Amino acid sequence: MDLNLKHLRLADGSLVDLTVTDGIITAITPAAEAASEGGCRYLFPGFVDVHVHLREPGFSHKETIATGSLACAHGGFTDVCSMPNLNPVPDSVENLAAQQQIIDRDAVIRVHPYGSITVGQNGEALADLAGMTEAGAIAFSDDGRGVQDDAMMKAAMLEAKRLGKMIVAHCEDNSLLRGGYIHDGEYAKAHGHKGICSESEWGPIARDLKLVEETGVAYHVCHISTKESVQIIREAKAKGINVTCETGPHYLLMDDSMLQEHGRFKMNPPIRGKEDREALVAGLLDGTIDMIATDHAPHSAEEKSKGLVGSMNGVVGIETSFATLYTGLVKTGILSLPRLIELMSTNPAERFGIGKPLAVGEKANFTVFEVDTEYTVDPASFCSMGKATPFEGWNVFGRCLLTVCDGKAAWYDPSEVTL
Ligand SMILES: [Zn+2]
């Protein structure tokens with residue numbers, strides 16, 4: 001692919017021209033400011049999301065590697081890590097290879113599969129972490145479920161440490177759920193819903209951090225949603241414990257006062273209270289939270305049609321992540337644009353050893369956004385098969401025009417870009 005794009009702005013505000021020849025970036029040269037230049041197009045390194053559910057193999061009525069990876073490209077992503085709650089669960093070399101085969105055949109961006117921590121994600125026997133490391137698992141997670149048993153988690157950490165791999169934990173204590181399905185806060189009380197207490201998340205994080213201290217494993221916490229989680233991780237980092245964490249756009253931009261009686265507001269962990277949301281933003285600003293991940297979790301329309309009580313957990317987010325965060329955090333002056341790009345690209349890339357730099361001599365891996373035109377989030381425009389998002393109807397800025405991965409256009413808007 002050859003490409004010549006003029007007057008692109010980098011996150012730091014500088015203006016450049018970009019040349020790609022045969023899929024390689026051959027020049028990024030300073031451009032002169034032109035007073036008459038309308039509109040502004042930004043050039044970013046490809047975004048990296050370490051937490052997505054692409055649903056294949058096993059659940060292709062929700063999403064496939066083809067549709068999910070195209071949705072990622074449409075959101076500006078060149079690298080994503082896919083969670084293992086699949087059928088078969090990638091808990092062995094053979095099952096991981098089955099998923100990798102589909103990725104090799106259908107993915108339009110780089111998809112890095114997790115291996116599961118336990119066999120079948122059942123929490124009872126350790127999966128073949130050594131074999132799956134050899135076979136290319138990016139790290140290990142039982143996402144969708146917490147590892148309940150302390151000894152099992154410790155054994156997993158010791159093995160992951162030995163293999164030089166990371167444990168990526170969905171922290172949830174099943175004994176504290178008590179049938180809850182949204183945050184145990186004002187909205188649940190006012191509308192007679194069963195709540196999930198915050199301790200069901202921060203309790204297991206606190207447990208794991210003790211085990212991380214004992215084992216020395218590299219540890220990453222998925223989708224933190226509570227103020228206590230932020231504080232516990234802040235303290236662990238101050239002690240020098242090898243921990244990173246992520247949160248998602250919906251936890252940063254919404255609180256439970258914004259819930260509605262619809263399945264598109266239901267995910268696990270749930271959208272929490274106002275103080276939690278504020279603590280998460282503070283965690284982004286002081287570096288306690290290392291990265292933003294969407295937990296893109298598509299389901300069929302039918303599965304999301306049963307309100308807060310009966311719908312399945314999970315919302316899509318990969319195609320609205322940049323726009324909602326740019327609009328809600330950058331345009332409002334809470335977060336700088338360079339910091340947002342760190343959180344969406346460079347930080348996850350560094351921690352997980354994935355992603356590719358935006359630099360001359362490298363294969364082209366980048367995304368181009370325009371941020372001047374306001375539009376309304378409309379799930380009908382998504383490439384994802386999943387349409388349930390709490391951001392439906394929000395007015396946002398930040399539209400992807402082009403995503404290039406490995407020197408090839410993975411997604412582009414033909415009305416804006418000629419290739
Ligand atoms: Zn999870």
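As the structure lists them, so they are numbered: ligands from 1, and atoms in each ligand from 1. Only a predicted model underlies this, so the values are computations on that prediction, with no experimental measurement involved.
- Checking Ile138, Ile65, Ile103 one by one against Pro113, the side-chain contact (heavy atoms from CB on, under 4.5 Å) holds for a single residue, Ile103.
- Here the angle at the Zn ion (ligand 1) defined by OD1 in Asp143 and NE2 in His223 stands at 110°, rounded to 10 degrees.
- Nearest N/O/S atom of His170 relative to the Zn ion (ligand 1): this is ND1.
- A salt bridge links Arg162 and Glu159; the closest N-O separation between the charged side-chain nitrogens and carboxylate oxygens is under 4.0 Å.
- Defined by atom type and a distance below 3.5 Å, a donor-acceptor pair is present between the side-chain atoms of Ser225 and Arg272.
- Using cut-offs of 30° and 60° for the angle between ring planes, the Phe44 and Tyr42 rings count as parallel.
- Taking backbone and side-chain atoms together, Cys222 has no N/O/S atom less than 2.8 Å away from the Zn ion (ligand 1).
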